[in-house]
Amino acid sequence: MSNKDLRDKVSGRLIVLDGADGCGKTTQSKLLRQRLQAEGVPTSSFRDPGDTIIGERIRGILLSPEHLAMSTQTEVLLYMAARAQLWHERIAPALGEHECVVLDRWISSTCAYQGYAGGFGTDKVIRLAGDCLEKVWADLTIILDVDLAICATRLPGKLDRMESKPAEYHKKVREGFLKLAGEHDGFIVVDATGDIETVHGRVVEGVVSFFSGEGAAG
Ligand code: TMP
């Protein structure tokens, strides 16, 4: 695909990188944004939850190890609230300028963590998102899949409240992501084993082949 074709295909599109804690999506989101910009595609990237004053405050509440009493229902509502604000303040204006928006997590995370691993129900998450967000699904969601033992080596020394959940929970999160990818259009699963550059190459390949193929969501 030429640079111009890529620019035409991904301008005004939402691309999400998602996966279990330690899968490498933050690094890969940054690299993807840099790569698209280098190809001449105006690109913004944001993290969910976060990247607004309100969203960063909600993120602090969600991830504080002091808030062990938080219920799954509360998690769902807070993640969704931060996301609605991110959409309103940052994503909608960027898409309005025909930028490509690369997101570090989105509703796919709420489906896998709270919906599947937390038992809230993925369908309920999707219904709630439909009521709260103008766009529930990204045009393309890339799930970075990697063995949880490898993920653990990529995590920081001090874990936040979500990262500290038991191994069984994180196993279900991984399963939840794979299930979601199998059940919905607009998802690809990328093997996130290996070094940063190798995984970046797979991500770029995935983006190009998705948007050049029939799979591109309108
Ligand atoms: P991050 O550290 O990858 O930015 O994500 C923050 C944590 O929040 C991470 O452990 C995943 C979790 N999370 C959910 O449980 N549900 C969600 O909807 C989102 C977006 C993140």
Side-chain angles (χ1 to χ4, degrees), residues 14-33 45-52 54-68 70-87 90-91 101-133 135-138 141-146 148 150-152 154-177 179-181 184 192 199:
L14 195 58
I15 301 175
V16 168
L17 277 100
D18 218 331
D21 289 277
C23 70
K25 68 198 164 30
T26 303
T27 306
Q28 292 302 329
S29 307
K30 272 189 209 136
L31 289 176
L32 179 60
R33 188 199 65 209
S45 68
F46 307 113
R47 69 170 179 178
D48 175 28
D51 273 335
T52 66
I54 293 167
E56 289 295 335
R57 289 198 176 150
I58 294 175
R59 181 183 174 91
I61 295 170
L62 277 161
L63 300 186
S64 168
E66 285 174 19
H67 297 154
L68 286 180
M70 192 180 295
S71 73
T72 302
Q73 286 82 351
T74 306
E75 287 177 2
V76 170
L77 294 170
L78 290 179
Y79 279 114
M80 208 62 82
R83 183 169 300 135
Q85 193 63 28
L86 181 59
W87 175 273
R90 310 295 301 269
I91 301 173
V101 173
V102 175
L103 286 176
D104 181 340
R105 298 199 186 277
W106 189 242
I107 183 199
S108 31
S109 273
T110 321
C111 289
Y113 282 80
Q114 286 69 42
Y116 191 76
F120 181 83
T122 303
D123 290 347
K124 275 163 68 183
V125 170
I126 295 169
R127 272 206 301 277
L128 182 67
D131 289 336
C132 299
L133 304 171
K135 190 172 166 81
V136 173
W137 300 108
T141 302
I142 301 169
I143 302 299
L144 295 178
D145 186 56
V146 62
L148 293 178
I150 297 176
C151 288
R154 295 175 178 174
L155 288 176
K158 204 164 163 235
L159 301 182
D160 64 37
R161 190 182 64 85
M162 294 303 295
E163 290 162 346
S164 307
K165 287 193 185 260
E168 191 51 35
Y169 183 91
H170 290 286
K171 191 167 160 260
K172 287 192 104 177
V173 167
R174 184 183 182 198
E175 265 172 41
F177 276 122
K179 193 165 180 300
L180 202 61
H184 293 271
V199 178

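Quick note: numbers below take in every heavy atom, side chains included, and nothing from hydrogens, waters or symmetry partners. Whatever order the structure lists them in is the order used to number ligands and atoms, beginning at 1. Since we're looking at a predicted model, the values are computed, not measured.
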Atom-level proximity to ligand 1, residues with heavy atom under 4.0 Å:
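Within the 4.0 Å shell of ligand 1, which is judged on heavy atoms, sit Asp21, Lys25, Asp48, Pro49, Arg59, Leu63, Tyr79, Arg83, Arg105, Ser109, Thr110, Tyr113, Gln114, Met162.
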
Across all chains, not counting sequence neighbours, the side-chain hydrogen bond (donor to acceptor under 3.5 Å, both in side chains) partners of Lys30 are none

Minimum-distance pair of heavy atoms, taken over all atoms of His67 and Ile61
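Answer, listing the atom of His67 first, then Ile61: ND1-O, 2.7 Å.
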
Quick one: pull up CG in Leu103 and CG in Asp18 and give me the separation to the nearest 0.5 Å.
9.5 Å

Given Val101, which partner from the list Leu14, Val16, Ile15 fulfils the side chain to side chain contact (heavy atoms under 4.5 Å, CB included) test?
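So, applying the side chain to side chain contact (heavy atoms under 4.5 Å, CB included) to Val101 and each of Leu14, Val16, Ile15, only Leu14 qualifies.
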
Any residue meeting ring-ring contact (aromatic ring centres under 6.0 Å, His included) with His184, in chain and number order, not counting sequence neighbours
Trp137

By salt bridge (charged side-chain N to carboxylate O under 4.0 Å, His left out) - contacts of Arg83 (at least two apart):
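Partners of Arg83 by the salt bridge (charged side-chain N to carboxylate O under 4.0 Å, His left out) criterion, ordered by chain and then number, come out as Asp48.
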
